[in-house]
*Asks:* 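Can you keep this structure in mind? I'll have questions shortly.
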Amino acid sequence: MRVVNYREPRSSFLSVEKDLGTITDAFLKNNNLKKLLYYNTSSALKRKALTEEESYNLIGKNIKIVPKLYIDGSVLAYIIISFDNFTTNATNPEFRDNIVSFDIICHFDQWQLEDMQLRPYRIAAEIDSMFNDKHLTGIGTLQFLGANQIILNDEFAGLTMMYSAI
């Protein structure tokens with residue numbers, strides 16, 4: 001008889017992968033967000049809806065879950081999803097509250113949309129409307145904490161948005 005001494009770890013950090021799946025699923029259901037990421041034109045929101053294959057190709061290319069940005073000459077708009085600042089939950093110590101960040105990075109040539117809209121802010125509006133004060137199963141309720149402009153270099157800049165996940 002063989003004795004197994006290995007047990008699956010029990011940690012709330014294991015929920016990050018489920019939370020990433022929940023967030024990316026929500027992204028893939030938002031047609032405006034997908035158009036803003038996929039189409040490099042100022043009329044991106046007027047373009048046709050993405051196919052299922054085009055939508056899934058956004059993951060790993062435009063929508064990143066690893067906080068490293070590889071600049072692809074054909075991709076000019078990115079969202080990087082990050083989890084940070086984990087703290088013990090006051091009412092349930094088995095879970096950890098954290099901050100979910102969305103870094104929205106766009107090439108400066110792609111910032112201007114039609115009607116005085118700016119792509120990073122329009123992407124931020126789509127994300128905010130999907131997540132602010134919304135209860136996401138497994139993640140909890142996301143509450144907007146703030147947003148800051150980020151400038152990476154002379155070609156790419158955008159916003160970082162932060163939400164408290166309780």
Side-chain angles (χ1 to χ4, degrees), residues 14-84 98-166:
L14 293 174
S15 68
V16 168
E17 60 197 49
K18 182 177 179 250
D19 298 347
L20 282 169
T22 301
I23 291 168
T24 54
D25 284 347
F27 281 179
L28 294 178
K29 291 176 183 170
N30 184 315
N31 285 323
N32 283 338
L33 180 64
K34 292 187 298 185
K35 289 177 186 181
L36 289 163
L37 293 172
Y38 185 81
Y39 295 114
N40 295 329
T41 65
S42 62
S43 62
L45 293 170
K46 293 180 180 175
R47 304 287 300 266
K48 69 175 181 67
L50 275 65
T51 66
E52 189 173 323
E53 183 179 348
E54 290 168 334
S55 297
Y56 287 124
N57 286 336
L58 293 174
I59 304 296
K61 194 172 181 182
N62 299 81
I63 300 169
K64 299 191 170 280
I65 61 172
V66 175
K68 182 163 183 160
L69 185 62
Y70 292 102
I71 303 298
D72 179 333
S74 66
V75 179
L76 300 174
Y78 302 89
I79 299 173
I80 302 169
I81 308 164
S82 303
F83 295 82
D84 197 9
N98 64 86
I99 294 176
V100 180
S101 298
F102 300 99
D103 294 329
I104 303 160
I105 310 295
C106 298
H107 192 280
F108 280 122
D109 291 345
Q110 303 304 314
W111 270 53
Q112 186 71 46
L113 296 171
E114 295 178 338
D115 300 324
M116 298 298 290
Q117 295 180 61
L118 298 175
R119 189 180 305 263
Y121 292 93
R122 183 57 201 255
I123 291 172
E126 293 294 332
I127 292 171
D128 192 52
S129 68
M130 289 190 304
F131 297 118
N132 188 37
D133 290 329
K134 302 289 191 308
H135 181 80
L136 301 176
T137 305
I139 298 176
T141 301
L142 293 179
Q143 296 174 337
F144 181 72
L145 291 177
N148 295 306
Q149 187 178 56
I150 50 176
I151 300 173
L152 296 182
N153 57 32
D154 60 346
E155 293 185 35
F156 287 91
L159 299 169
T160 185
M161 301 172 62
M162 295 155 289
Y163 290 84
S164 175
I166 299 172

*Asks:* Could you check if a side-chain atom of L113 sits within less than 4.5 angstrom of a side-chain atom of R122, using non-hydrogen atoms only?
*Replies:*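 L113 vs R122: side chains touch.
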*Asks:* Give the C-alpha distance, both sets of side-chain angles, the deciding distance and a yes or no for side-chain contact (heavy atoms from CB on, under 4.5 Å) between N32 and L45.
*Replies:* CA-CA 6 Å; N32 283 338; L45 293 170; 3.7 Å; yes
*Asks:* Do Y121 and L159 come close enough that some side-chain heavy atom pair is under 4.5 Å?
*Replies:*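 Yes, close enough: below the 4.5 Å cut-off.
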*Asks:* To the nearest 0.5 Å, what is the distance between CD on Q112 and OG1 on T41?
*Replies:*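 So the CD of Q112 and the OG1 of T41 are separated by 12.5 Å.
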*Asks:* Taking the side chain from E54 and the backbone from T51, do they hold a donor-acceptor pair closer than 3.5 Å?
*Replies:*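 Between the backbone of T51 and the side chain of E54 there is a qualifying donor-acceptor contact (under 3.5 Å).
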*Asks:* Does a side-chain heavy-atom distance below 4.5 Å link T141 with K134?
*Replies:*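 Of all side-chain heavy-atom pairs linking K134 with T141, none is under 4.5 Å.
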*Asks:* With a 4.5 Å cut-off on side-chain heavy atoms, are I59 and L28 touching?
*Replies:* yes
*Asks:* Got a second to check how far I63's CD1 is from S55's OG, nearest 0.5 Å?
*Replies:* 8.5 Å
*Asks:* Would you find a donor on one side and an acceptor on the other, under 3.5 Å apart, between the side chain of R119 and the backbone of L36?
*Replies:*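 Judged by distance alone, yes, a pair lies under 3.5 Å.
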*Asks:* Does any non-hydrogen side-chain atom of L58 lie less than 4.5 Å from one of I79?
*Replies:* no
*Asks:* Counting neighbours of OH on Y38 that are heavy atoms of other residues, nucleotides or ligands and sit closer than 6.0 Å, is the number greater than 12?
*Replies:* no
*Asks:* According to side chain to side chain donor-acceptor pair (under 3.5 Å), does anything in residues 145-162 pair up with another residue at least two apart or in another chain? List the pairs.
*Replies:*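 As it turns out, the side chain to side chain donor-acceptor pair (under 3.5 Å) pairs with a partner in residues 145-162, which skip direct neighbours, are D103-T160, H107-E155.
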*Asks:* Checking side-chain polar atoms at under 3.5 Å, does N40 have a donor or acceptor matched by the opposite partner on Q110?
*Replies:*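 Per modelled atom types, N40 and Q110 side chains form no pair under 3.5 Å.
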*Asks:* Counting distance only, does the side-chain N/O of N132 pair as donor-acceptor with the main-chain N or O of D128 below 3.5 Å?
*Replies:*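 Pair absent, no side-chain N/O of N132 close to backbone of D128.
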*Asks:* The criterion is side chain to side chain contact (heavy atoms under 4.5 Å, CB included); which residues satisfy it with S82, sequence neighbours excluded?
*Replies:* P67, I80, S101
*Asks:* State the OG-CD1 distance between S164 and I99, to the nearest 0.5 angstrom.
*Replies:* 6.5 Å
*Asks:* If we only count heavy atoms from C-beta on, is the I23 to V100 side-chain gap below 4.5 Å?
*Replies:*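 Answer yes - side chains close enough.
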*Asks:* Taking only residues two or more places apart in sequence or in another chain, which ones pass ring pair (Phe, Tyr, Trp, His ring centres under 6.0 Å) with F144?
*Replies:* Y163
*Asks:* Side chains of L69 and L152, heavy atoms from C-beta outward: is any pair under 4.5 Å?
*Replies:* yes
*Asks:* So does Q143 get a backbone contact from the side chain of D133, meaning a donor-acceptor N/O pair under 3.5 Å?
*Replies:* no
*Asks:* Taking only residues at least two apart or on different chains, which pairs with a member in residues 21-38 satisfy salt bridge (Lys or Arg N to Asp or Glu O under 4.0 Å)?
*Replies:*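 Every pair satisfying salt bridge (Lys or Arg N to Asp or Glu O under 4.0 Å) with a residue in residues 21-38: there are none.
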*Asks:* Mind checking what makes salt bridge (Lys or Arg N to Asp or Glu O under 4.0 Å) contact with K61, not counting sequence neighbours?
*Replies:* none
*Asks:* State whether the number of non-hydrogen atoms from other residues, nucleotides or ligands found under 6.0 Å of L118 atom CG is greater than 12.
*Replies:* yes
*Asks:* So which heavy atom on Y39 is nearest to which on K48, and how close?
*Replies:* OH-O, 2.9 Å
*Asks:* Listed by chain and number, what are the ring pair (Phe, Tyr, Trp, His ring centres under 6.0 Å) partners of F108, not counting sequence neighbours?
*Replies:* W111
*Asks:* Please find the pair of heavy atoms, one from L142 and one from A165, that lie closest to each other, and give the distance.
*Replies:*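 That closest heavy-atom pairing would be CD2-CB, 3.5 Å.
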*Asks:* Which atoms form the tightest heavy-atom contact between N62 and L37, and what is the distance?
*Replies:*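 The answer is ND2-O, 3.0 Å.
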*Asks:* Going by side chain to side chain contact (heavy atoms under 4.5 Å, CB included), I81 matches just one of L20, D19, I127, V16. Which one?
*Replies:*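 When side chain to side chain contact (heavy atoms under 4.5 Å, CB included) is applied between I81 and each of L20, D19, I127, V16, only L20 qualifies.
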*Asks:* Taking all non-hydrogen atoms of both residues, which atom of A26 and which atom of M130 are closest, and how far apart?
*Replies:* O-SD, 3.7 Å
*Asks:* List the atom of I123, the atom of C106, and the distance in Å for their closest heavy-atom pair.
*Replies:*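 Of all heavy-atom pairs spanning I123 and C106, the closest is CD1-SG, 4.1 Å.
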